Amino acid sequence: MAIVFWDFDGTLVYSNPLWSNSVYTALKETDPQTTVLFSDIRKRMACGFTWHTPDEDYSDVVNDKWWNFMNNKFYNDYISLGVNPETAKYSAHRVRDIIKRKDNYVLYSDALEVLNLSLSKGNTNVILSNNYPDLEEVIKQLELSQYFDRIIVSAKAGYDKPRKEIFDIAKTYYPDENYIMIGDSVHADIFGGKNAGMTTILVHNGFCSQADFCYDNLNDIKF
């Protein structure tokens, strides 16, 4: 039996490109005549999130403060693309609602099978994700809550994977246990998990020699 920490986006669901689509949709719904292109937004989503610079101290940038931090980024991104300030401000604040829309997320076809398998082996499933603080709302919409004992997200914890602190926070809920980290990111999930003393499983992302196991599909995982 083990505590199995699951990454969310890219591991159990796919939604690419989630942030680019949400930020672009917010602008298009606010100003249907905008000349800003999706590709313009896409370029700006490659930086500026807390998980892009996890070594910085974001311990005070949590919950609504995290959204304030991100709204400022989105606002500045819009302004840099020539959007007028009023439209930029309104669009930035709309991203929060848009990104929580259920239809943004597609569950991997074998996700429920492997989550049920994990539970049948006596494991405890826990979400451990670099994500926005409202993630639990989306998990409820997707009818996944029953599979998880706890949902831990970076924007509520104040640290992003691969920071050891977020793994330590997760482990405090389950002391002296066997830990497994499953995710699609070599940097966040595999390096972070290994540094935290966890068995690591890379999924959907080829081979990584640092991972204990690598699988193309979730239902290939052996518990």
Side-chain angles (χ1 to χ4, degrees), residues 4-24 26 41-78 80 92-93 95-101 104-105 108 126-139 148 150-172 179-196 198 200-206 208 210-211:
V4 184
F5 294 107
W6 298 86
D7 178 52
F8 183 67
D9 194 12
T11 298
L12 294 170
V13 303
Y14 54 94
S15 53
N16 292 334
L18 176 63
W19 287 100
S20 300
N21 279 330
S22 298
V23 174
Y24 183 65
I41 297 292
R42 181 74 170 143
K43 292 174 184 177
R44 285 160 175 79
M45 295 301 105
C47 62
F49 291 80
T50 56
W51 45 78
H52 288 142
T53 51
D55 289 338
E56 293 189 22
D57 184 2
Y58 294 112
S59 58
D60 191 45
V61 185
V62 297
N63 300 316
D64 285 344
K65 289 182 178 180
W66 187 89
W67 275 114
N68 292 337
F69 177 87
M70 294 310 306
N71 287 343
N72 186 61
K73 169 194 160 47
F74 301 145
Y75 174 83
N76 288 327
D77 288 340
Y78 290 138
S80 73
H93 281 86
V95 173
R96 184 174 189 172
D97 288 332
I98 290 170
I99 205 163
K100 293 186 289 183
R101 293 175 180 172
N104 286 330
Y105 305 87
Y108 277 101
V126 179
I127 290 286
L128 182 56
S129 175
N130 285 350
N131 230 310
Y132 52 87
D134 319 72
L135 183 62
E136 188 168 356
E137 296 178 32
V138 172
I139 289 173
F148 300 102
R150 190 176 299 274
I151 298 167
I152 302 168
V153 295
S154 58
K156 296 181 77 171
Y159 301 97
D160 295 272
K161 296 179 295 183
R163 283 285 289 262
K164 187 173 183 294
E165 289 90 340
I166 192 170
F167 291 95
D168 288 342
I169 289 169
K171 289 162 67 175
T172 60
Y179 306 107
I180 300 172
M181 180 69 224
I182 301 176
D184 68 303
S185 169
V186 171
H187 183 62
D189 302 314
I190 304 308
F191 292 170
K194 292 295 284 186
N195 288 338
M198 299 181 179
T200 56
I201 299 176
L202 181 69
V203 294
H204 304 142
N205 201 13
C208 170
Q210 288 88 349

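None of the values given here were measured: they were computed from a predicted structure. Heads up: numbering here begins at 1 and tracks the sequence.
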Chi angles and distances behind the side chain to side chain contact (heavy atoms under 4.5 Å, CB included) call for Phe191, Val186:
CA-CA 6 Å; Phe191 292 170; Val186 171; 3.7 Å; yes

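- Note: Met181 CE to Leu202 CG = 10.5 Å, rounded to the nearest 0.5 Å.
- Inter-residue side-chain proximity for Tyr159 and Ser59 is flagged as met; some heavy-atom pair is nearer than 4.5 Å.
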Set out, in order, the CA-CA distance, both residues' side-chain angles and the distance that settles side chain to side chain contact (heavy atoms under 4.5 Å, CB included) for Ile139 and Leu135, then state yes or no.
CA-CA 6 Å; Ile139 289 173; Leu135 183 62; 4.0 Å; yes

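- Nearest heavy atoms, Ser20 versus Ile41: O-CG2, 3.7 Å.
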Please report the C-alpha distance between Thr50 and Asp160 in whole Å, then the side-chain angles of each, then the deciding distance to 0.1 Å, and finally whether the side chain to side chain donor-acceptor pair (under 3.5 Å) criterion is met.
CA-CA 7 Å; Thr50 56; Asp160 295 272; 3.2 Å; yes

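- Between His204 and Tyr14, the ring centre distance reaches or exceeds 6.0 Å.
- Ring geometry, Tyr132 versus Trp67: the interplanar angle falls from 30° to 60°, so the pair is classed tilted.
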Side chain to side chain contact (heavy atoms under 4.5 Å, CB included) between Tyr105 and Lys100, worked out:
CA-CA 9 Å; Tyr105 305 87; Lys100 293 186 289 183; 5.8 Å; no

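- Residues Tyr58 and Phe69 bring their aromatic ring centres within 6.0 Å.
- Between Phe49 and Trp51, the ring-plane angle classifies as parallel under the 30° and 60° cut-offs.
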Assess whether side chain to side chain contact (heavy atoms under 4.5 Å, CB included) is satisfied between Asp9 and Leu18, documenting all intermediate values.
CA-CA 9 Å; Asp9 194 12; Leu18 176 63; 3.8 Å; yes

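- Of the N and O atoms on the side chains of Asn104 and Ser15, not one donor lies less than 3.5 Å from an acceptor on the other residue.
- Contact annotation: the side chain of Met70 never approaches that of Arg96 to less than 4.5 Å [non-hydrogen atoms, C-beta and beyond].
- Tested against Lys161 for a side-chain hydrogen bond (donor to acceptor under 3.5 Å, both in side chains), the candidates Asp7, Asn130, Asn195 yield a single pass: Asp7.
- Counting heavy-atom neighbours within 6.0 Å of Lys156 NZ, excluding the residue itself, gives a total of 12 or less.
- The backbone N or O of Asp184 sits less than 3.5 Å from a side-chain atom of Thr11, completing a donor-acceptor pair.
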